[in-house]
There are 2 protein chains.
Amino acid sequence: MKDLTHTQRMVLGFLKEYLSKHGYPPTIREIGAHFGFLWPAARGHLKSLEKKGFIRINPSRSRGIEIIGASYPERKAIPILGRIRAGSPEIASEEIDGTIKVDETLFPGEGLFCLKVRGESMRDGGILDGDFAVVRPQNTIENGEIGVVLIGDEATIKRVFLKEKKVILKPENKEMEATIHEPSEVTILGRVIGIIRSRV
Amino acid sequence: MKDLTHTQRMVLGFLKEYLSKHGYPPTIREIGAHFGFLWPAARGHLKSLEKKGFIRINPSRSRGIEIIGASYPERKAIPILGRIRAGSPEIASEEIDGTIKVDETLFPGEGLFCLKVRGESMRDGGILDGDFAVVRPQNTIENGEIGVVLIGDEATIKRVFLKEKKVILKPENKEMEATIHEPSEVTILGRVIGIIRSRV
DNA sequence: CTTTCATATATACAAATGTATACTAAAAAA
DNA sequence: TTTTTTAGTATACATTTGTATATATGAAAG
């Protein structure tokens with residue numbers, strides 16, 4: 001996607017702000033008035049934004065500006081799992097401790113779930129005790145990614161390496177040692193695609 | 001809140017559907033056309049919906065229909081600021097790079113904003129490059145909390161200590177040194193109350 | 001050096017859109 | 001019964017709003 005000029009970025013910012021404030025987009029004249037220039041100039045910026053793919057202008061419709069990608073982000077509730085039952089890919093409702101609602105755009109994908117992080121084992125990787133880890137369920141994982149792994153009955157978050165047919169689970173903490181496992185011992189539940197921390 | 005008639009409920013439903021589909025509300029004529037009756041009838045329904053408190057009609061504004069309550073349910077958009085202008089407590093629209101929508105319950109408070117973290121200075125505190133820091137604006141900060149501080153023209157995130165009438169800004173990174181400032185040199189913009197990280 | 005693009009003013013015009021009023025009719029409320 | 005609310009049709013009008021074009025300047029690109 002092409003770069004925006006300063007003015008174009010400002011106009012796009014105003015569009016988003018106006019939209020979230022009023023629930024409908026501004027008119028071309030309102031945009032011009034906000035920035036202090038005459039409105040035909042605003043139209044030029046809108047045309048540029050459309051050409052660069054940031055917005056869509058519906059011809060002849062008043063306020064017919066759609067912000068592409070962010071128009072009306074579908075919000076989804078991500079369930080927070082207190083415990084993970086061995087071998088169950090689907091989420092049982094009794095395991096849901098609550099939900100967190102976040103932008104679809106921020107964490108895309110289906111079937112996401114959250115885990116509350118316990119312990120300091122991933123501290124050096126920027127994952128602290130009490131954080132919520134956003135997990136995308138998947139059966140395999142790329143070498144070196146942070147995954148949610150089930151060992152026996154317990155789910156842990158570790159950086160996962162695959163080496164010589166062994167699974168190496170490496171904590172991001174200098175005081176802790178990596179553990180080596182047979183592939184049959186561990187089950188990959190998913191990849192950590194995000195962290196949400198609240199320290200209110 | 002008063003009950004709606006069948007037609008009114010239908011109209012309200014269409015409003016929500018149209019809004020989520022297009023990103024902007026329908027015109028009165030579009031509402032009428034959708035239901036097959038002439039548009040002045042639709043205006044009557046809108047007036048009723050407004051009187052009963054379900055929508056707000058902005059006079060003389062095209063598509064100026066706001067759905068009260070239901071449209072933006074218990075969710076707030078937190079603006080992402082690209083840069084922070086010195087000395088301006090209020091948020092200028094040209095500085096908004098986008099928004100993140102999260103639960104009110106997760107990050108309560110008014111006037112929150114987000115900053116995209118740059119650099120490794122808070123790495124050991126679990127704040128990584130590229131994270132979004134959720135900031136609650138406030139003028140003072142408790143000793144040892146993580147704050148957003150303006151030095152000159154630049155905003156940085158540091159752990160803030162107040163000691164012997166000096167302000168100590170301590171990076172959470174063993175390779176970096178704390179800096180000591182006169183209180184007049186620094187402006188406390190807010191406290192970091194959360195972190196959102198997306199590594200999709 | 002010429003062309004293009006970004007930015008902006010100024011103006012004319014057509015289309016879209018909201019406002020208002022008159023009228024009818026059935027159902028609900030007083 | 002009488003009045004109010006709901007639900008329409010029909011029409012006129014003013015305002016809002018988008019479209020288009022001519023003009024100009026400075027910066028960037030070729």
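A note on names: the letters A, B, ... follow the listed sequences, proteins ahead of strands, and every chain is numbered from 1.
- Proximity of S60(B) to the phosphate of dT15(D): no side-chain N or O atom is located under 4.0 Å from OP1 or OP2.
- What separates CZ of R56(B) from C1' of dG18(C) is a distance of 18 Å, to the nearest Å.
- What separates NE2 of H6(B) from C1' of dA26(C) is a distance of 17 Å, to the nearest Å.
- A side-chain donor-acceptor contact under 3.5 Å links R9(A) to the backbone of L4(A).
- Whole-Å rounding puts the R9(A) CZ to dA6(C) P distance at 13 Å.
- Rounded to the nearest 0.5 Å, atoms CD1 (I65(B)) and OG1 (T27(B)) are 8.0 Å apart.
- Contact annotation: the side chain of V117(B) never approaches that of M122(B) to less than 4.5 Å [non-hydrogen atoms, C-beta and beyond].
- Contact check of residues 36-49 of chain B against DNA chain C (heavy atom, cut-off under 4.0 Å) returns W39(B), R43(B).
- Phosphate contact (OP1/OP2 of dT17(D), side-chain N/O of R63(A), threshold under 4.0 Å): present.
- Using a 4.0 Å cut-off, some side-chain N or O of K52(B) falls inside it from OP1 or OP2 of dT6(D).
- Within the structure, every side-chain polar atom (N or O) of T27(A) is placed at least 4.0 Å from both OP1 and OP2 of dT16(D).
- Checking side-chain atoms of R63(A) against main-chain N and O of S62(B) turns up a donor-acceptor pair under 3.5 Å.
- Whole-Å rounding puts the I57(A) CD1 to dA20(D) C1' distance at 14 Å.
- As a whole-Å value, the separation of L4(B) CG from dT5(D) P is 16 Å.
- The shortest side-chain heavy-atom distance between R191(B) and I146(B) does not fall under the 4.5 Å cut-off.
- M10(A) has its CE atom 16 Å from the P atom of dA6(C), to the nearest Å.
- Inter-residue side-chain proximity for I157(A) and V135(A) is flagged as unmet; no heavy-atom pair is nearer than 4.5 Å.
- Between atom NE2 of residue H45(A) and atom CG of residue L12(A) there is a gap of 12.5 Å, rounded to the nearest 0.5 Å.
- The distance between atom CD1 of I55(A) and atom P of dG18(D), rounded to the nearest whole Å, is 11 Å.
- In summary, R199(B) and D131(B) engage in a salt bridge, as defined by a charged side-chain N under 4.0 Å from a carboxylate O.
- Remark: T5(A) is in phosphate contact with dT7(C), judged by side-chain N or O atoms under 4.0 Å from OP1 or OP2.
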With the criterion being N/O to N/O and under 3.5 Å, what pairs connect the protein with nucleotides 24-30 of chain D, and how long is each?
none

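- Between T7(B) and I65(A), the one whose closest nucleotide on DNA chain D sits nearer the 5' end is T7(B).
- Applying the 3.5 Å distance criterion, the base of dG18(D) shares a donor-acceptor pair with the side chain of R29(A).
- Smallest separation of non-hydrogen atoms from A155(A) and V148(A): CB-CG1, 4.3 Å.
- Not one N or O on the side chain of E164(B) forms a donor-acceptor pair closer than 3.5 Å with the backbone of K166(B).
- Checking Q8(A) against S62(B), the closest nucleotide of DNA chain C that is more toward the 5' end is the one next to Q8(A).
- Look at CD1 on I28(B): it is 6 Å from P on dT19(C), rounded to the nearest Å.
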